[in-house]
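Chain letters run A, B, ... following the sequence lines, proteins first, then strands; residues in each count from 1.
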2 protein chains.
Amino acid sequence: MTATYRDIKSDILGKITRGEWTPGSLIPGELELAETYGSARATVNRAMRELAEEGIIERKRKSGSRVRLTPLRQARFDIPVIRREIEEQGRAYRYALVRSEVVEAPEWLRARLALQPGSQVRHLVCLHLADGTPWQHEDRWINLALLPQALAADFSASGPTEWLMSQIPFSAVEISISATAADAALAAHLDCAAGEPLLMTERSTRWNDQMVTYVRLVHRPGHRMTTRY
Amino acid sequence: MTATYRDIKSDILGKITRGEWTPGSLIPGELELAETYGSARATVNRAMRELAEEGIIERKRKSGSRVRLTPLRQARFDIPVIRREIEEQGRAYRYALVRSEVVEAPEWLRARLALQPGSQVRHLVCLHLADGTPWQHEDRWINLALLPQALAADFSASGPTEWLMSQIPFSAVEISISATAADAALAAHLDCAAGEPLLMTERSTRWNDQMVTYVRLVHRPGHRMTTRY
DNA sequence: CCTGCCTTTTTGTCTGGACTTGAAAATCAT
DNA sequence: ATGATTTTCAAGTCCAGACAAAAAGGCAGG
């Protein structure tokens, strides 16, 4: 008989989707809702809080909660560890190191990572394959000033992503997704025609307010990122 | 003096990022944490629950909570209402209807929306512009069996997205992002060269377990979706 | 009319206690 | 041993009551 916070949540969501409570309209206060559902205010609060987090409603002290006029839609994509992503499809994962060098950071990278002129970076190019066919091309730059261990690390057997996760497991990240055309090198590595449109993910990772690494991941032709909610 | 759930959360997160609690290791139980922080178990619970939601830790009844070995990373992108997105940049939004027709659903659409053969759909092609330059190309298909109102609706002044939101504000959606090459028509509309790589967002919207609409949004050349966390 | 202060309303958070649930572990029966 | 059953433990949820904090609205003084 007693309503759980889930019950309350889905009941309220139902009222909204059925159009009983229209966008912009005021929802009864927590106290009132607690009474109608026969539960404690804390329970109603949790239901409402989660609805607010999901972008369904908007809450403000004193003014109360109202149904959002423009439902704030947000898509959540899981960023998989590539080895996992491939192995979960029942395919064989293979990794190949294409190039490894230590260089002075080029201009564009310095701007992006806010590096001093003359900074040394480790530059790696690798390929991730599923059942032998190219899956993802990784172009990785690591700030050696912050991660001098990267100088000695060996990336011939496993990728820098996994190594980095062991070094700085939790950090602030900026992710950006765009479309790019395959140049000659990419086309060769990803086994596609030059000029082919490819999905690209760029990630800048920060640690203690300093940029640690920048990576440009180019996915195989036809790759799509999908989510539902 | 008393610790809030935020304090607890950031303290625990600190212990993890500083490496005091390493990936895979067991975190003290809620009761123990409540004692060390001098707070109620419910407060600790909230802190831990949120950390779990954010993919930092993993919780299991009986076994306890542990730091995730592979931090589950997830990117959250806001799906903006395009008019807003443009106006918030201080640019003038303009909408143009390129094509509007009522047709029998083509094969590929029937498969995607699970439609009966012979189903009628409203097909719209529109363009969203910022300061007069093309911003996004919208190719929209609406299931008339579910939304007969779409037959009479007038889309010459404002886009179908806004109209749809007023009709079915909250619904289940599948979003998918990929890269595509501009064909002749797209190139003309988006004012770019044919073959140019473009970011494409596809959305299928469901309501009461029936597919209502499918839309293919192609962004202007160079567009990027960005998020940080 | 405007400005700053106070009151009131509503959400936000916390407490300390309780019961529920899921799953691992231990026990028991075959 | 092996499979079924019970125990036990940690997280999950709930409650009733309390205080905190933001913000809208009203009031008073200039």
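Rounded to whole angstrom, the span from the OH atom of B:Y5 across to the C1' atom of C:dT11 amounts to 12 Å. Atom CZ in A:R66 sits roughly 14 Å away from atom C1' in C:dT11 (whole-Å rounding). Summarising the geometry, the separation between CG on A:N45 and P on D:dC19 is reported as 18 Å, rounded to the nearest angstrom. Rounded to an integer number of Å, the gap from CD of A:E30 to C1' of D:dA22 is 14 Å. For A:E50 and C:dT11, the CD to P distance is 17 Å, given to the nearest whole Å. B:K60 places its NZ atom 13 Å from the P atom of D:dA11, with the value rounded to the nearest Å. Spacing between atom CG of B:L31 and atom C1' of C:dA18 amounts to 13 Å, rounded to whole angstrom units. Between the CZ atom of B:R46 and the P atom of D:dT13 there is a distance of 13 Å, given to the nearest Å.
Picking from D:dA11, C:dT13, D:dT13 the nucleotide with the shortest atom distance to the side chain of A:R49 gives C:dT13. The side chain of A:A40 has D:dA16 as its nearest neighbour among C:dT11, C:dC14, D:dA16. Residue A:K62 places its side chain closer to C:dT9 than to any other of C:dC14, D:dC9, C:dT9. In this structure, the nucleotide among D:dG12, D:dA16, D:dT13 sitting nearest to the side chain of A:R6 is D:dT13. Checking C:dT15, D:dT13, D:dA11 against the side-chain heavy atoms of B:A42 singles out C:dT15 as nearest.
The phosphate of D:dT13 has neither OP1 nor OP2 within less than 4.0 Å of any side-chain N or O from A:T43. In terms of phosphate contacts, A:S65 brings no side-chain nitrogen or oxygen within less than 4.0 Å of OP1 or OP2 of C:dT10. The side chain of B:S63 places no N or O atom within less than 4.0 Å of a non-bridging phosphate oxygen (OP1 or OP2) of D:dC9.
Not counting sequence neighbours, the partners of A:Y95 by the ring-ring contact (aromatic ring centres under 6.0 Å, His included) test are A:H128. Residues forming a ring-ring contact (aromatic ring centres under 6.0 Å, His included) with B:W21 (at least two apart in sequence, or on another chain): none.
Looking at which nucleotide of DNA chain D each of A:V44 and B:I27 is closest to, the 5′-most match is held by B:I27.
Checked by distance alone, A:R61 brings a side-chain donor or acceptor within 3.5 Å of a matching partner on the base of C:dT11.
Salt-bridge annotation for A:R41 and A:E30: present, with a side-chain N of the basic residue lying under 4.0 Å from a carboxylate O of the acidic one.
Looking at heavy-atom distances under 4.0 Å, A:R41 makes contact with a base.
Judged by the 6.0 Å and 45° rule, B:R216 forms a cation-pi pair with B:W108. Cation-pi geometry between A:R83 and A:Y93 is not satisfied (NZ or CZ under 6.0 Å from the ring centre, within 45° of the ring normal).
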